[in-house]
Every structure is written in C-alpha cells, then in structure tokens.
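Step one of this worksheet: look at the structure below.
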Amino acid sequence: MRINIAIDGPSAAGKSTIAKRCAKLLGYSHLDTGAMYRCVAYKAKQLGIALDDEDKVVEMIDQMTISFDSNGNVFVDGNDVSLAIRTNEMSMGASDVSKLQAVRQRLVKMQQDISKGKGYILDGRDIGTVVLTDAELKIFLVASSEARADRRIKEYIEKGIEFNREEVIADIERRDYQDSHRAHSPLKKADDAIEVDSSNLTIDEVVNVIKAKLIELGVNYD
Ligand code: DC
C-alpha cells in the first residue's frame, strides 16, 4: 500500500532531513514546499518587486517556473538556485511572501498538482491542514529554538554560508512568530497529526517513530 505523508513544523525542526530519509526508505518522492516560497522571494528580490506587493508577486509567479531534480536541487526558470535560496535573507523573504493569500493559492495548487496520487512526502507548514488534508500519516515535528539554531548553524558551516549565531536565533524566533500568526494558513498542528519533539532525538530516532507508525498503517518498507 502506498500512502502520502505530511510533515509540518517550525523552521529548522529537521523536516526536510526526515522527509528525505523517509522518501529513501519508502522509494517515495519528496517535495520541499518551503523551497518554493524561497524561490518566489528570490525571484521577487532579483526583479526588485516588494515582497508585500501581492499583485506584482502573483503576476511574477504566473510567469516563472520552479522545478526540482531527483537530487533535490531547486531551479528557477532553469537556473540552479539551491544554495542562493538558503540564506537568512531568503528565509525571512520566504516567510514574508508566504503571508500573501494569492501566493499561497498558487503554490498550494502547484503542490497538489505535483503530488497527485500516492507515494509523496511533502514538508512545510500547511501540508496536513491544507495541501494534503487526506494524507494517511501526518507528523508535526517540533524542537526547541536552541536545538534548531544549532542545526541551522551546522548546515551553514557545511554549505560555507556566513552566519552570526545571535542573528540565526533571532531569525528562527521571528519566523516562528510570523508563520504562526499570519491570517492565511498559519503554522498549526493538524488535529490528526502526531507531534514529535526532536530536541533530544537523533535523526534515526525520529525515523524510528515514523517506522513504527508505518507498521501500524500496514505500509511496507525496506
Ligand atoms: O521550510 P522553510 O524554512 O524552507 O520555509 C520558508 C518559509 O516559507 C517559512 O518561513 C514559511 C513559508 N512556508 C509556508 O508558509 N508554507 C509551507 N508549506 C512551507 C513554507
């Protein structure tokens, strides 16, 4: 039996890492929906469009392409932006454009079109509540802000991106607030989601929690 899996939670809680591991385990496709909001912020900045100008941002979305390859690289209009969208500026920019209702409508539609059928793992903020409300397994992944800041910093070091620790923590807390308090589809645990606090868990331990749920659901994995 193939299912869909929704993984939601605040920034840097480990959603993408866990989603990738589960995709590999199950042979499913992973869609990082946050990357799509980042691509919108990236292109708007490039074109000098204000991130709160809903009409212009939507017009821009209708003329751009966002694509992924099988290694998880992200492309805007065919150009690889995988690294460029991971800066602090693009994190906050993505959170800014994600407040706009018409932007959300466009991206949610793209996400639903991509993940038609079963065998998809989507991670984001509104997957369990809006994008894949009928996902058979919904995980709400949380972690303390300190644990999340440490993980983000490790990622920055690996990717050679410059950072300032205080700024990273402030950015995480600012985005938590903004993503949970916006008017449209705020970050919220779906009623039928399973909450997992990964502050003191390794990646393997989180994956084990998911494996146990897969067994309960009767889903086979290697
Ligand atoms: O997961 P991320 O940090 O790459 O997401 C960047 C921003 O995009 C996040 O601060 C909020 C927004 N986002 C969203 O509103 N809905 C999603 N499904 C995914 C991301």
Side-chain angles (χ1 to χ4, degrees), residues 4-20 30-45 51-52 54 57-58 61 66 68 72-74 76 81-115 120-133 135 138-143 145 147-149 151-156 159 161 163 167-190 193 198:
N4 282 335
I5 303 178
I7 304 184
D8 290 301
S11 59
K15 299 183 298 293
S16 278
T17 306
I18 298 301
K20 276 186 204 131
H30 165 225
L31 180 63
D32 172 358
T33 63
M36 299 172 77
Y37 289 91
R38 289 170 182 270
C39 287
V40 171
Y42 174 82
K43 176 103 192 194
K45 289 249 173 177
L51 300 184
D52 60 355
E54 187 154 15
V57 174
V58 166
I61 292 176
I66 300 172
F68 296 86
N73 295 312
V74 191
V76 167
V81 296
S82 311
L83 270 185
I85 59 168
R86 295 289 156 197
T87 61
N88 259 343
E89 190 193 3
M90 289 308 140
S91 300
M92 206 57 217
S95 180
D96 289 340
V97 293
S98 76
K99 287 194 282 185
L100 307 174
Q101 189 176 25
V103 168
R104 302 202 67 81
Q105 280 167 353
R106 295 291 196 289
L107 295 198
V108 166
K109 169 89 172 51
M110 283 185 209
Q111 291 154 15
Q112 290 172 332
D113 285 348
I114 293 171
S115 60
Y120 287 89
I121 302 176
L122 270 61
D123 77 88
R125 305 292 186 289
D126 60 342
I127 309 304
T129 53
V130 178
V131 182
L132 294 180
T133 49
K138 297 181 183 178
I139 302 291
F140 195 72
L141 192 61
V142 298
S145 19
R148 289 184 286 136
R151 290 177 194 160
R152 184 103 316 154
I153 284 169
K154 195 164 161 257
E155 232 175 79
Y156 284 158
K159 290 182 178 158
I161 295 175
F163 67 90
E167 266 175 33
V168 175
I169 294 173
D171 165 69
I172 283 178
E173 290 178 348
R174 213 166 44 234
R175 276 210 294 148
D176 279 357
Y177 185 87
Q178 184 159 297
D179 294 345
S180 337
H181 290 82
R182 66 183 179 219
H184 310 292
S185 319
L187 169 66
K188 192 163 112 346
K189 177 182 166 298
S198 72

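In each ligand, atom 1 is the first atom listed, and ligand 1 is the first ligand listed. Quick note: numbers below take in every heavy atom, side chains included, and nothing from hydrogens, waters or symmetry partners.
Residues Pro10 and Arg175 fail the side-chain proximity criterion, which asks for heavy atoms closer than 4.5 Å. A heavy-atom distance below 4.5 Å is found between the side chains of Arg125 and Lys15. The shortest distance between side-chain heavy atoms of Val40 and Met36 does not fall below 4.5 Å. Taking 4.5 Å as the limit, every side-chain heavy atom of Asn88 sits out of range of all side-chain heavy atoms of Phe163. With a 4.5 Å cut-off on side-chain heavy atoms, Asn4 and Ile121 do not count as touching.
Comparing Arg104, Arg175, Lys99 by heavy-atom distance to atom 6 (C) of ligand 1, the nearest is Arg175. Closest heavy-atom approach to atom 17 (C) of ligand 1 within the set Met36, Arg125, Met92, Lys15: this belongs to Arg125.
Less than 4.0 angstrom separates some heavy atom of Ser95 from each of these atoms of ligand 1: 7 (C), 10 (O). Every atom of ligand 1 is numbered from 1 in the order shown, and the set under 4.0 Å from a heavy atom of Ser98 is 11 (C), 12 (C), 15 (O). Close approach of ligand 1 to Asp126 is summarised as follows: ligand atoms under 4.0 Å from at least one heavy atom of the residue are 16 (N), 17 (C), 18 (N). Atoms of ligand 1 found under 4.0 Å from any heavy atom of Gly124 (numbered from 1 in listed order, with element): 17 (C), 18 (N), 19 (C).
In terms of protein heavy-atom proximity, atom 7 (C) of ligand 1 is closest to Ala94 CB, 3.6 Å. Taking atom 8 (O) of ligand 1 as the reference point, the nearest protein heavy-atom neighbour is Tyr37 CB, 3.6 Å. For atom 20 (C) of ligand 1, the closest non-hydrogen atom of the protein is Gly34 CA, 3.5 Å.
Ligand 1 has Arg182 within reach: a non-hydrogen atom of the residue lies less than 4.0 Å from it.
Distance check: Ile127 CD1 to Leu31 CG gives 7.5 Å after rounding to the nearest 0.5 Å. Atoms CZ and OG, from Arg104 and Ser98 in turn, are 5.0 Å apart once rounded to the nearest 0.5 Å.
Geometrically, ligand 1 and Arg38 share a nitrogen or oxygen pair separated by less than 3.5 Å. Considering backbone and side-chain atoms alike, Arg152 places every N or O at 3.5 Å or more from each N or O of ligand 1. For ligand 1, one of its N or O atoms has an N or O atom of Thr33 under 3.5 Å away.
With respect to the salt-bridge test (charged N to carboxylate O, under 4.0 angstrom), the residues Arg152 and Asp171 do not qualify. Taking a cutoff of 4.0 Å between a charged side-chain nitrogen and a carboxylate oxygen, Glu155 and Arg86 do not qualify as a salt bridge.
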